[in-house]
Amino acid sequence: MNDKTLINRPALVNYMEKLNAEKQRLSHQHIREMFADDPSRFDKMSITNDGVLFDYSKNRVDAKTLSILLEVARDSDLEQMRDTMFSGGKLNTTENRAVLHTALRNFSGEPVTVDGKDVMPDIKAELAKMEGFANSVRSGQYHLTGGKITDVVNIGIGGSDLGPRMATQSLREFNDGPKLHFLANSDATDLDDIIKLLDPATTLFIVASKSFTTAETMLNARNAKLWLESALGQDIGNHFCALSTNLEATQAFEISNERTFGFWDWVGGRFSIWSAIGLSLMIAIGPKRFEEFLKGASSADQHFLKAPLEENIPVIMALLGVWYRNVFNFPVQAVMPYDSRMARFPAWLQQLDMESNGKSVLKSNEQTTLDTGPIIFGEVGTNGQHAFYQLIHQGTTIIPCDFFLSATGYGGKENRNMLISNCLAQTEALMNGRTLEEADNNPHRVFEGNRPSNTFLYQKVTPHVLGMLMAFYEHKIFIQGVLWGINSFDQWGVELGKELVPAIEPMLETNKDLKAENSSTQGLLDAIHAMQK
Ligand code: F6P
């Protein structure tokens with residue numbers, strides 16, 4: 001082990017042979033048979049934490065497979081890395097930053113230090129400031145020219161949009177504040193569509209941007225300001241507040257410090273809903289329920305910290321993901337909520353997972369030899385069934401799926417029972433399949449089955465449950481990053497496209513004679529100019 005390249009390799013590389021042999025061993029065993037052989041499989045392969053049940057029994061694994069995967073986790077120093085993250089170690093190596101979204105939901109009373117400073121007092125102070133503001137908006141104490149605030153528009157993109165938008169929608173049952181709207185894309189039709197619904201005199205805009213430089217967000221914020229000014233005149237300062245780490249820029253945008261809610265560089269954008277970026281959600285559901293949301297995430301944190309690895313939900317989620325990604329070479333992971341309100345969960349997870357683990361370079365600066373993050377997609381359950389489940393059941397690409405199911409939900413019983421039975425039927429069909437004999441010798445009606453899935457079950461989506469589910473995925477992604485030896489907390493891959501924009505933009509208007517880098521871009525620009533005439 002003196003070879004430097006070996007030392008820098010993730011431990012997982014050294015287990016590939018063993019894991020491939022394990023795959024070979026299991027290749028003659030169908031999950032259906034594993035259930036038949038062991039009536040207690042569900043009991044052994046399901047874990048409950050704080051009202052959320054995680055069933056992973058419908059996977060191509062048995063106790064031996066799991067024990068090898070757990071060995072990989074231990075050999076990757078997972079527990080040490082986990083403790084380093086929670087205690088403020090600088091795991092984001094390329095940006096030299098701690099990774100401390102967990103501190104934002106730390107109710108232990110224990111300090112958390114970054115560079116020797118306890119960050120908890122600042123977190124608590126900012127949370128109290130958010131609570132005071134949210135309460136005053138909700139009660140009408142903070143009012144605008146037209147009176148009590150009726151509508152709040154969150155202007156932000158990526159992590160400054162996806163989390164708050166998804167959570168506000170998922171928790172619509174608890175929205176008893178002003179009506180929330182979300183504006184992300186720089187397409188003018190988005191703002192146009194929203195402002196049709198608004199009374200400018202009672203609308204509050206929240207400009208949510210960690211950097212306060214993101215081009216789409218700043219353009220939307222400027223246009224919102226112009227719209228307000230044209231409707232109400234110049235004095236519209238109190239219609240705006242900001243969520244950012246960049247106080248200089250918020251001031252330059254003329255948003256007072258009093259209405260600016262800050263956070264810190266150790267909160268990654270896609271992990272920021274627990275910080276000031278959650279203000280829109282807090283205004284929608286109220287500070288008390290926002291606290292329940294934080295406590296749900298905290299419950300997942302405590303579980304991740306304390307449950308033995310073999311009974312640890314995010315650890316098992318991550319290991320199964322690695323098993324399929326690296327040993328079976330399955331490139332995709334689907335996520336299917338049987339719950340319309342959670343329709344944006346897949347979109348939120350896409351950024352969380354793909355921006356975190358869509359990497360090719362190891363922390364040690366070498367190129368990875370292992371595949372990393374999968375492609376994430378998903379859709380509300382029954383809608384998906386009538387759209388793309390055909391491929392999931394019979395296509396040539398096997399797609400492990402995560403299903404979300406609530407036992408009672410919020411709707412009527414008849415609808416609820418239809419959702420539940422559909423979800424259970426799908427997971428069973430994926431796992432069991434149908435043999436040629438069962439299909440009356442018709443090969444088109446054969447389902448090979450043996451297709452893996454996990455199911456999360458809970459009574460209904462509450463702030464607590466949603467917080468917990470989101471934090472489980474955050475930890476799953478962190479664990480996979482550790483196993484793959486990559487930095488899950490930077491996002492250099494989004495930069496190049498951004499950097500090219502300033503060179504291309506002038507070619508559209510002011511300097512049409514500038515030539516693009518290549519004939520495709522130039523050809524498209526020429527066609528655009530012709531179509532714009
Ligand atoms: O471009 C990607 C990204 O940096 C994401 O990581 C982030 O969530 C999003 O843009 C928005 O960034 P900001 O909050 O700084 O506007």
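Read the numbers this way: they start at 1 and go in the same order the structure lists the ligands and their atoms.
Scored by the ring pair (Phe, Tyr, Trp, His ring centres under 6.0 Å) test, Phe377 finds Phe388 as partners (sequence neighbours excluded). Contacts of Lys359 classified as side-chain hydrogen bond (donor to acceptor under 3.5 Å, both in side chains), with partners at least two apart in sequence or in another chain: Asp490.
With hydrogens left out, the protein atom closest to atom 5 (C) of ligand 1 is Glu355 OE1, 3.4 Å, a heavy atom. Nearest to atom 8 (O) of ligand 1 among the protein's heavy atoms is Gly159 N, 2.7 Å. The closest protein non-hydrogen atom to atom 9 (C) of ligand 1 is Ile157 O, 3.7 Å. For atom 15 (O) of ligand 1, the nearest non-hydrogen atom of the protein is Ser211 OG, 2.6 Å.
The closest non-hydrogen atom to atom 16 (O) of ligand 1, taken over Val494, Thr214, Asn246, Ile277, comes from Thr214. When the heavy atoms of Lys210, Lys498, Met218 are ranked by distance to atom 10 (O) of ligand 1, first place goes to Lys498.
For ligand 1, the polar-atom distance check finds no N/O of Thr217 at less than 3.5 Å from any of the ligand's N/O atoms. For Ala208, no nitrogen or oxygen atom sits less than 3.5 Å from a nitrogen or oxygen atom of ligand 1, counting backbone and side chain alike.
In this structure, OG on Ser275 lies 7.0 Å from CE on Met130, to the nearest 0.5 angstrom.
The closest approach between any non-hydrogen atom of Gln351 and ligand 1 is below 4.0 Å.
Residue contact check: Ser160 has heavy atoms under 4.0 Å from atoms 13 (P), 14 (O) of ligand 1.
Phe205 does not carry Lys225 over the face of its six-membered ring by the limits of under 6.0 Å from the centre and within 45° of the normal.
Ring orientation note: the planes of Phe212 and Phe253 are nearly perpendicular, at an angle over 60° on the 30°/60° scale. Taking the six-membered ring for Trp and thresholds of 30 and 60 degrees, Phe478 and Phe304 have ring planes more than 60 degrees apart, a perpendicular arrangement.
Partner of Phe404 under the ring-ring contact (aromatic ring centres under 6.0 Å, His included) criterion, out of Phe54, Phe456, Phe472: Phe456 alone.
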